[in-house]
Amino acid sequence: MKRSVFLASVAVAALGWSLPATAQDEVPEGAEFEENLMLPLGRIDADQILVTESRLQRTFIADSTASTTIINRRQIADRQVRDIGDVLRDVPGIAVGSIAGQTQIRLRGTEANHVLVLVDGIEVSDPGSGEYDIGALQAEIGSWVEVLRGPQSALYGNDAIGGVVAYRSGGFEGFAGRIEAGTNDTFNGAARWGINENGVEASLSATAVTTNGEPNARGGTRDIGRDSYTLAGKVRAEVAENFTLRAVGRFVDTSGDTNNQDFAFGSPTLGQVIDSPGVGFENTALYGLVGAKLVTLDGAWEHDLSLQFADIERNTFDPTGRTSDTASDRFKASYVSSYNFNASDHSLTFAADYEQEGFNNIATFDDRREVENVGLVGEYRYKGNDFDFSAAIRQDFNNRFQDTTTFRVGAGVSVGDTTRLRASVGTGVKNPTFFELFGFFDGAFVGNPDLEPEESTSWEIGVDQRLFNDQATISVTYFNAELESEIFSVFPPPTFIATPGNRTTDSEQQGVEVGLSAFLNRNWSLKAAYTYLDAEEDGVTEVRRPESIASAALTWTAPRDKASATLVVRHNGEALDSDFTTGSFPAPFTTLDDFTLVNINARYALMEGVNLFARAENLFDETYEQVNTFVSPGRTVIAGIEARF
């Protein structure tokens, strides 16, 4: 059944591809910010601007020397995305794994804490675990996502071994809102208000997600619900000629149910997820950023100063009370200066970062631990008609770990009018997390303060090919990475209590990424992605890294945008995972079955600015597990209304 559904969906996409392409008008400047404007995707992809590939300068995606993907506003709206983690499944190189209370993203086979996540320029990872629960990031009206694959530590330092995922809430004028409801007593709501006048851009946004959920234990009956609320705002003001101030604030409150795994030896459900009444989590996070930008020398020299913070609290509980209580914080100050030589194609950028992270595991040691880091960055970029080059180097000074130097060099060259070749090489670093250094659950996971940072070296080569008068673009990339001193868990006798250590062997990741973007004709568009991954540690396949991942999104839009429909098909191949049901330590491997998910949605314009919509996720009610013994959600059906004024 799974394979037939997948093949049928591919056939639907192929049918759309066979439709004739038609000529389009030129895209007006700024048109990419209009959700309800159907635009030629091939041309948009070339004209979209990356914010994350340089510390200050913006880069057209067509000129990027990195492997990049932009999921724009229109694509998020067409797919009715609510959780950003879901749409990241459609990006080459990304694997998403989700259980109640934690959704992880892995880039090119790296660990979840090897991916730097930025939300409106703020680092949002939890310093305790070193990773970000992407399941807590709800899509705001008018938002979009940028993804840079491959090591970016030369620009961003620690955390960016696998790459960068940058979420942008975007600008907004007027008011928009939506409400929706559906199966599992699900209710979602979002509202957005913004202004852009007299040199001031400001917006306020709120999202709410609440659901009773469904069981996630094999044969279980306990529904696993979740509530998540986000309130965000930002303002940018031009207070003088060539001088602007900005501020961003975000508060996230997430709580929900979880189930435990049964680790009682001799139990018939040993190692499996079981119904655990009264077990759950409560997480809150407060983020903020203030910044100032000054442009001098007729626009040739830019200066940017910013201060940001993150304050994160995580708690778990069971019927007896609180079982864990952690508080993490981050303060970061950055100065970036970029000079363009006489408005030429050459530019130099310098950046200096100071970062302080703190952590307190109240249930274990109740004593705040702290690390400090200073990073210095130098970056050179050249933009030519047919050739682009970038080089960056960074020196990090750490008060707890060894000082490190990372670099990245990339180049791209146009071959004819429609073909572009690109290649890059770089290094990355990931410092041990507070959890790994000092432990998490007392008596269950013991920290190791002698851990060394993980280090990676990676290279890639790719080709971007435009087809059919720029109505389609296909990109193919081969990548190869080697990770040294990988941090892993061991279970030493006689207690067999887990503790981390550094491997003495190397972890290797290599694979191929394919991305397709096509505007089939005036009414049809297609986005597709495929990833082949070979991730091994000392010759042994690593867990939760599917060898093959594929997705396709086929969108139809009626004339004058009166209606639209999107079919999304996502396929995950088989993957290995640890099998704790044997009671052995370390746990042996088991195979997670491949699965194919089909989502479909539709929208109808009731009147100007008012739309009715509905969607079905996991349409064929596929039973699957992303983590061994954790059953993922079945079919859900949602309907609602949205309005814009």
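The pair R108-E513 counts as a salt bridge, with a side-chain nitrogen and a carboxylate oxygen less than 4.0 angstrom apart. Using a 4.0 Å cut-off between charged side-chain N and carboxylate O, K430 and D159 make a salt bridge. Ion pair E123/R330 flagged as a salt bridge, since at least one NZ, NE, NH1 or NH2 atom sits closer than 4.0 Å to an Asp/Glu carboxylate oxygen. Under a 4.0 Å N-O distance rule, the pair K527/D78 does not qualify as a salt bridge. In this structure, R314 does not pair ionically with D133, as no charged nitrogen and carboxylate oxygen lie closer than 4.0 Å.
Side chain of Q102 to main chain of I99: no donor-acceptor pair is present (N/O by atom type, distance under 3.5 Å, no hydrogens or angles). Distance alone, capped at 3.5 Å, is enough to place a donor-acceptor pair between the R545 side chain and the G109 backbone. Remark: side-chain polar atoms of R106 are not paired, donor with acceptor, to backbone N or O of H114 under 3.5 angstrom. Formation of a donor-acceptor pair under 3.5 Å by the R420 side chain with backbone atoms of D63 is found in this model. Under the 3.5 Å distance criterion, the side-chain polar atoms of N113 are left unmatched by any main-chain donor or acceptor of E131. A donor-acceptor contact shorter than 3.5 Å links the side chain of Q626 to the backbone of S98. Between the side chain of T419 and the backbone N or O of G416, no donor-acceptor pair lies under 3.5 Å. In this structure, E625 contributes its side chain and T629 its backbone to a donor-acceptor pair below 3.5 Å. No side-chain donor-acceptor contact under 3.5 Å links T69 to the backbone of V147. Remark: side-chain polar atoms of S64 are paired, donor with acceptor, to backbone N or O of A66 under 3.5 angstrom.
Residues that satisfy the ring-ring contact (aromatic ring centres under 6.0 Å, His included) test with Y478, not counting sequence neighbours, are W459. R400 meets the side chain to side chain donor-acceptor pair (under 3.5 Å) test with no other residue; sequence neighbours excluded. Applying the side-chain contact (heavy atoms from CB on, under 4.5 Å) rule to T499 yields the partners V446, N448, V490, P492; only residues at least two apart in sequence or on another chain are considered. Partners of F580 according to the ring-ring contact (aromatic ring centres under 6.0 Å, His included) rule, which considers only residues two or more places apart in sequence or in another chain, are F263. Annotation: side-chain contact (heavy atoms from CB on, under 4.5 Å) contacts of S306 (sequence neighbours excluded): R246, D304, S334. Here E482 pairs with nothing under the salt bridge (Lys or Arg N to Asp or Glu O under 4.0 Å) rule; sequence neighbours left out.
Taking 4.5 Å as the limit, some side-chain heavy atom of Q509 sits within range of a side-chain heavy atom of E542. F479 is listed as a side-chain neighbour of L533, based on a closest heavy-atom distance under 4.5 Å. Counting only heavy atoms from C-beta outward, the side chains of Y156 and R55 approach each other to under 4.5 Å.
No close placement of the Y382 and F389 rings is indicated, their centers lying 6.0 Å or farther apart.
Taking CG of N72 as the start and CD1 of I61 as the end, the distance is 10.0 Å to the nearest 0.5 Å. How far CG of D311 is from CG of D329: 6.0 Å, rounded to the nearest 0.5 Å. Atom CD1 of I474 sits about 7.0 Å away from atom CG of L467, to the nearest 0.5 Å. Distance check: T596 OG1 to R570 CZ gives 12.0 Å after rounding to the nearest 0.5 Å. Distance check: L451 CG to I487 CD1 gives 5.0 Å after rounding to the nearest 0.5 Å. The distance from the CZ atom of R381 to the CG atom of N340 is 12.0 Å, given to the nearest 0.5 Å.
Residues D464 and S475 bring a donor and an acceptor atom of their side chains to less than 3.5 Å of each other. For the residue pair T477 / R422, a side-chain donor-acceptor distance below 3.5 Å is found, with atom types taken as modelled. Side-chain N/O atoms of T427 and T457 include no donor and acceptor closer than 3.5 Å. For S390 and E379, the side-chain atoms include no donor-acceptor pair closer than 3.5 Å. Side-chain polar atoms of D83 and Q138 form a donor-acceptor pair below 3.5 angstrom. Under 3.5 Å, the side chains of Q402 and E452 contain no donor-acceptor pair of N or O atoms. Using a 3.5 Å distance cut-off with no hydrogens or angles, the side chains of D388 and T65 do not pair a donor with an acceptor.
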Evaluate E547 against T541 for side chain to side chain contact (heavy atoms under 4.5 Å, CB included), listing each step before the verdict. CA-CA 10 Å; E547 186 178 74; T541 301; over 6 Å; no
Step by step, work out the salt bridge (charged side-chain N to carboxylate O under 4.0 Å, His left out) result for D345 and K383. CA-CA 5 Å; D345 297 324; K383 169 65 181 77; over 6 Å; no
Go through the steps for Y339 and F341 under the test ring-ring contact (aromatic ring centres under 6.0 Å, His included), then give the verdict. CA-CA 6 Å; Y339 182 74; F341 289 88; 5.0 Å; yes
Yes or no on side chain to side chain contact (heavy atoms under 4.5 Å, CB included) for L483 and D506, after CA distance, side-chain angles and deciding distance? CA-CA 6 Å; L483 180 68; D506 293 339; over 6 Å; no
Go through F350 and L376 one step at a time and tell me if the side chain to side chain contact (heavy atoms under 4.5 Å, CB included) criterion holds. CA-CA 8 Å; F350 167 79; L376 301 177; 4.3 Å; yes
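Nearest heavy-atom pair, D120 versus L289, reported as atom, atom and distance to 0.1 Å: O-CD1, 4.5 Å. Between A95 and P546, the shortest heavy-atom contact is CB-CD, 4.3 Å. Scanning all heavy atoms of the two residues, the minimum distance from Y530 to S548 falls at OH-OG, 3.0 Å. Heavy-atom minimum distance, R149 versus P92: CD-O, 2.9 Å. The minimum heavy-atom distance between S485 and P453, with the atom names listed, is CB-O, 3.6 Å.
Cation-pi geometry between R369 and F359 is not satisfied (NZ or CZ under 6.0 Å from the ring centre, within 45° of the ring normal). Judged by a 6.0 Å distance limit and a 45° cone about the ring axis, R250 is not positioned over the six-membered ring of Y287.
With T406 as the fixed residue, the side chain to side chain contact (heavy atoms under 4.5 Å, CB included) test singles out one of Q395, E455, R394: R394. Applying side-chain hydrogen bond (donor to acceptor under 3.5 Å, both in side chains) to N373 and the options N399, N158, N431, N398 leaves one that passes, N398. Partner R503 forms a salt bridge (charged side-chain N to carboxylate O under 4.0 Å, His left out) with one of E537, E508, E454 and no other, that one being E537. Screening D90, N599, T555 for a side-chain hydrogen bond (donor to acceptor under 3.5 Å, both in side chains) with R79, the sole residue that qualifies is D90.
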